[in-house]
Every structure is written in C-alpha cells, then in structure tokens.
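Below is one structure; the comments refer to it alone.
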Number of protein chains: 2
Amino acid sequence: MFTKVLISDDLGSINQGVLSVLDNLGINNVQQVQYCDDAYLKIKRAILDEAPYDLLITDLSFKADHREQKYPSGEDLIRALKQEHPELKIIAYSVEDRLQKVRLLMNTYHTDAYVCKGRHGLVELEKAIQLVYDNKNYLSPQVAQAISHKTDLEINDYDIELVKLLSNGLSQEDISIHLKDNNISPSSLSSVEKRLNKLRIQFKANNAIHLVAIVKDLGLI
Amino acid sequence: MFTKVLISDDLGSINQGVLSVLDNLGINNVQQVQYCDDAYLKIKRAILDEAPYDLLITDLSFKADHREQKYPSGEDLIRALKQEHPELKIIAYSVEDRLQKVRLLMNTYHTDAYVCKGRHGLVELEKAIQLVYDNKNYLSPQVAQAISHKTDLEINDYDIELVKLLSNGLSQEDISIHLKDNNISPSSLSSVEKRLNKLRIQFKANNAIHLVAIVKDLGLI
DNA sequence: GTTATCCTTACGGTTTACCACAAAGACAAT
DNA sequence: ATTGTCTTTGTGGTAAACCGTAAGGATAAC
C-alpha cells in the first residue's frame, strides 16, 4: 500500500475524514496542506530529499485569498505535477461533478482517479486509493459515464466550439468571421446557423440562450 | 453553553471537524444527519419528546440523490424551522459566499449566523457558536459586508429571476407575459429589456447569451 | 402647488436571430 | 461522365433582440 501521502484541500476540516480513511488503510505518513503551491513545493522537496510522496489527494477548487498563488487550482497543480512527475499517483477529490472537467483531468492530464465529495465520498475514496495502488483508475459512479465512449451522440468538437463561442458573447456573424480567420470549415453564417439549429433541436432548446444554458448545465462547455 | 446540537451536512467527512469544535466547547450531546428532511424530523421529534435541540448547524447545498426530499436545501430547512420554531438557533455553514444569499438568510429567514467553509471556517464557527449563544449574530468576514447598508448596487431577486427565465428559453416577450400573469411589477417588455440591459452592462456581457453564460458561471442561477 | 427625480411604459429604428428554400460544391459508386 | 447524396453557402422574409428617446406616473423635498 502507499506509504507517504499528501493531502491538499483548503478546508482543513474535511481532511480529518480523509485522514481516517488513510488510517484504516494503514497509511500513517500523511501530510496536509491548504494551498496548491504548498503541495507543489512539498512534493518537489520530498523528491530532492529522496523521500518522495507516492500519492497526492487534492481538491480542485481553492478559495483565493491574500496569498498570491502560482497554482490557483487543483487542476493547475495536477497538470504541472503530472507533466514533471508522471509516476506520482494523483486522486482528484472534489464536489465538482461536471463531466467535461472529469474528462479533461482523466484523459488529458492523466489523473489516476476522480472521486466526488458527497454522502459516499469517503467510501469511494477508499476504493479509489486501492485501485490506484494497483495502477488502475477510478471514477465515482456519478461521473463514470464521463469516460464511457458511448456518450457521444454525434456531437463533435466543432459543435461544442460553436456553443462555447456563443457563450463567450460572439454573435453568429462574429463566429462566422472567427472561423474564417482560423481557417475552420464550414465557416459561413448560414452553416453556423444550420449547425446551431441542429443543436437546438437535439437539446430541445427554444433558442440560442436556452441552448447555452442547457449545454452549460450538462458540463459540455 | 448549548447542550444539544444537531449537525446537518451531506458530506459526512466535514462533520468531524465540526464535532471537534463542539467538543472543545464542552458540547457532547451532538447528533448528525446527511439529509435536511432527517434534520427536520429529528428536531420535531425532540420537541415532542420535550428534549429539544438548542442549536442547528446546517450546510446549504445538499446533493440530490434517489431519496425524494421535502426540504432539498438547507435554505428550505431553515425557512421552515425558523417559521415554526423561532427560538431554535441556527447557524448556516456553507462554502457559498454570495452576498445575496447571505442577506436573504440573515434578514428574511433570521438565521443566527453565517459561516463560510474555508481555511478558517472552523475557527469562525467556534466564534459564531459563542456569539449565537449570547443571542448575537455572526458573519464570516468575507460576507460581513452583506449586511452593511451600502449594498444597493447589488443585484436583487427580480434580476436573478429574469436571467433564470431567460436561461429557461423564454423570450423577453414571454417573460413580460409571465410577469403579468404572476402580478410581478415591472412587467412590460420595455422594462424587461431595460433591466436586462443594465445587467449586461454590469456583467460586461455582449448580449443576452453572454449574460446567461456569465451568470451561470458565477453560480447565481 | 411646484419642482426634481426615479421608475415604468411605450414607440420607432437598427441589428441580429431564426427559418425555409435554393443554388453550388464535394464525394463516392458505377 | 453521370447520378445521387450530402454538405456548404447564399437569399429573403419574419420574429426577436437591441438601443435611444420620450411620455406618463409615483414619490419626496421645498
């Protein structure tokens, strides 16, 4: 089992639950920090001291305060650490349950597990730790569908990009121009209209505003 | 000091921190629940048994699951309890730090204290408990401004309602009709336009779509 | 009563979104 | 090359959003 674990979570209180889980697994060498930057430094330092951590459990959202941070979120921390130290196991432990974020963390940053804080968060966390120790991944049930490959009901990246541009305040004509500038095809205003119309039908949205609201709620953007 | 306390929070783990705070204050008779409905029933039962709780510490947001709930959020629970049992002291303990919500809870529902979960959440919670016991109120520093009097530049419930209706797919004319049907004033199309325009300026949004996206990202709707 | 101010409502004009249809291009199979 | 199909683009018309302006109403101060 893991022997040296770091917990990163700005709410000090929640760590006590995590600590008891680790204790159950016989893991005693546990440190905790309340800032991502501290986590980064502690992990770096441990490597220099040739006593590296073998597991990081980190929250994603950290309240900003007076301290200027190089890594303001758990996401930033994970990206940096996995790039520099792919061998370090990382479990994300967050209230966030948006599929898009889960997908990003797992597929792009290669996080080892994603556990949703919730009524059964600690139970799931224990499972996650054991699976990650066996070089496997883990996802909380509520976000397990994020990785299943059947989720794609023919909505592609182009479609997502359109809605994202919409949500950023661009008009449909702006979007057309933007696509032309970036040599993305199709780019005509008419095509943009047509695609968005298809999406509206697919998501049963009354208009573009409704569409953006729905797609945001689904966590696709 | 308080003798019988109920804690309501769907994340079981966080309660351990709260428990240790209560322990420090010499409060041992503490129960905890993970659903607002359970909190309501437990409090009602205790009153019938003539052994009422004298303090409730509750979270605001509870993840919905298979169990159908009469009080899906801590807000609903507080409103109901303060209406039926004004003498019961209630402390809201939440990550939520939106002034609008704080104002509603304190001024309208007469919650006794509002503590933000965060790096210093437990310290603040201890202060809150002591002040509430002395029939005073407490607000975490980051939301203390919620009650200060110069808050008129803020967004009110009417504004939020407008954006929410927008995000539900209603056109501005639909919204006008809806407001007229519900005897909410102002209700004219022109007024709806004007309010939304003000909100667009306030949130630096290019158009209604952008506005909805921004407000959703801020978690206001 | 007058004045000033704020809010609500109404109206016209411009821009953008929405929708149906048609033309032009891309592609594969024969 | 021709056919059929699909995608992309263009056009025109209606609805809705956007924006300025102004009329009407309530309120408070004087």
Side-chain angles (χ1 to χ4, degrees), chain A residues 152-217 220-221, chain B residues 100 149-217 220-221:
Chain A
D152 202 348
L153 295 179
E154 59 185 283
I155 299 155
N156 55 34
D157 293 344
Y158 178 86
D159 295 322
I160 297 297
E161 182 64 18
L162 283 191
V163 183
K164 202 178 291 181
L165 291 170
L166 255 193
S167 78
N168 286 337
L170 278 71
S171 70
Q172 301 189 0
E173 192 170 358
D174 290 339
I175 293 176
S176 169
I177 294 167
H178 170 88
L179 294 174
K180 285 189 175 78
D181 287 348
N182 292 65
N183 288 321
I184 299 173
S185 174
S187 65
S188 72
L189 173 59
S190 190
S191 291
V192 171
E193 285 181 4
K194 184 162 245 177
R195 292 282 186 139
L196 287 176
N197 185 43
K198 209 171 70 184
L199 289 172
R200 275 203 305 277
I201 293 168
Q202 237 167 60
F203 287 104
K204 303 190 210 310
N206 295 343
N207 52 42
I209 298 176
H210 199 189
L211 175 64
V212 168
I214 291 170
V215 172
K216 280 191 90 74
D217 281 336
L220 295 176
I221 59 173
Chain B
Q100 192 63 21
H149 299 84
K150 50 176 180 179
T151 56
D152 299 279
L153 298 177
E154 272 284 340
I155 303 138
N156 57 34
D157 293 341
Y158 177 87
D159 295 323
I160 298 296
E161 182 63 19
L162 283 191
V163 183
K164 202 178 292 180
L165 290 170
L166 255 194
S167 78
N168 286 337
L170 277 71
S171 71
Q172 299 188 5
E173 192 170 358
D174 290 339
I175 293 177
S176 169
I177 294 168
H178 170 89
L179 293 174
K180 286 190 174 78
D181 288 347
N182 292 64
N183 289 321
I184 299 172
S185 174
S187 65
S188 73
L189 173 59
S190 188
S191 291
V192 172
E193 284 181 4
K194 184 158 260 183
R195 293 282 185 138
L196 288 176
N197 185 42
K198 211 168 66 183
L199 289 172
R200 275 203 304 276
I201 293 168
Q202 218 164 340
F203 285 104
K204 303 193 210 311
N206 294 342
N207 52 43
I209 298 177
H210 199 189
L211 175 65
V212 168
I214 291 170
V215 172
K216 281 191 90 74
D217 281 336
L220 296 176
I221 59 173

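Order of the sequence lines fixes the chain letters, A, B, ..., with proteins taken first and strands second; residue numbering starts at 1 for each chain.
One atom, OH of Y158(B), and another, P of dC7(C), lie 13 Å apart when rounded to the nearest Å. Distance, I209(A) CD1 to dT16(C) P: 15 Å, rounded to whole Å. Rounded to an integer number of Å, the gap from NE2 of H210(A) to C1' of dC18(C) is 16 Å. The distance between atom CG of N197(A) and atom P of dC19(C), rounded to the nearest whole Å, is 6 Å. One atom, CG of L199(A), and another, C1' of dA17(C), lie 15 Å apart when rounded to the nearest Å. I184(B) places its CD1 atom 19 Å from the P atom of dC7(C), with the value rounded to the nearest Å. Taking atom CG of residue D174(B) and atom P of nucleotide dC18(C), one finds them 13 Å apart after rounding to whole Å.
The NZ atom of K198(A) lies 10.0 Å from the CG atom of L162(A); values are rounded to the nearest 0.5 Å. L199(A) contributes atom CG, which lies 10.5 Å from atom CD1 of I214(A) (distance to the nearest 0.5 angstrom). Distance check, rounded to the nearest 0.5 Å: CZ of R195(A) to CD1 of I175(A) gives 13.0 Å. Taking CG from N182(B) and CD1 from I177(B), the interatomic distance works out to 12.0 Å, rounded to the nearest 0.5 Å.
For E193(B), the side chain to side chain contact (heavy atoms under 4.5 Å, CB included) partners at least two apart in sequence or on another chain are Q172(B), L189(B). With sequence neighbours excluded, the residues satisfying side chain to side chain contact (heavy atoms under 4.5 Å, CB included) with N197(B) are R200(B), I201(B).
For the pair K216(B) and D217(A), the salt-bridge criterion is met [side-chain N within less than 4.0 Å of a carboxylate O].
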Return the polar atom pairs (N/O with N/O) between nucleotides 24-26 of chain C and the protein under 3.5 Å, or none.
none

At a cut-off of 3.5 Å, list every protein nitrogen or oxygen paired with a nitrogen or oxygen from nucleotides 8-10 of chain C, distance to 0.1 Å.
unit_1  : atom_1 : unit_2  : atom_2 : d
dT8(C)  : OP2    : R195(B) : NH2    : 3.2
dT9(C)  : OP2    : S187(B) : N      : 3.0
dT9(C)  : OP2    : S188(B) : N      : 3.2
dT9(C)  : OP2    : S188(B) : OG     : 3.4
dT9(C)  : OP2    : S191(B) : OG     : 3.0
dA10(C) : N7     : S190(B) : OG     : 2.8
dA10(C) : N6     : S190(B) : OG     : 3.2

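Of the residues in residues 164-173 of chain B, none lies under 4.0 Å from DNA chain C by heavy-atom distance.
Nucleotides of DNA chain D with any atom under 4.0 Å from a heavy atom of chain B span, from 5' to 3', dA16(D) to dA22(D).
Taking 4.5 Å as the limit, every side-chain heavy atom of L220(A) sits out of range of all side-chain heavy atoms of D159(A).
Shown are V192(A), L170(A), I160(A); of these, the side chain to side chain contact (heavy atoms under 4.5 Å, CB included) with L165(A) is made only by L170(A).
Applying the 6.0 Å contact sphere to CG of D157(A) captures no more than 12 heavy atoms from other residues, nucleotides or ligands.
Looking at Y158(A), its side chain does come within 3.5 Å of a backbone N or O of P186(A) through a donor-acceptor pair. Under a 3.5 Å cut-off, the side chain of N207(B) and the backbone N or O of I209(B) do form a donor-acceptor pair. Looking only at distances, no side-chain donor or acceptor of S187(B) sits under 3.5 Å from a matching main-chain atom of S176(B).
Between E193(B) and N207(B), the residue anchored nearer the 5' end of DNA chain C, judged by the nucleotide with its closest heavy atom, is E193(B).
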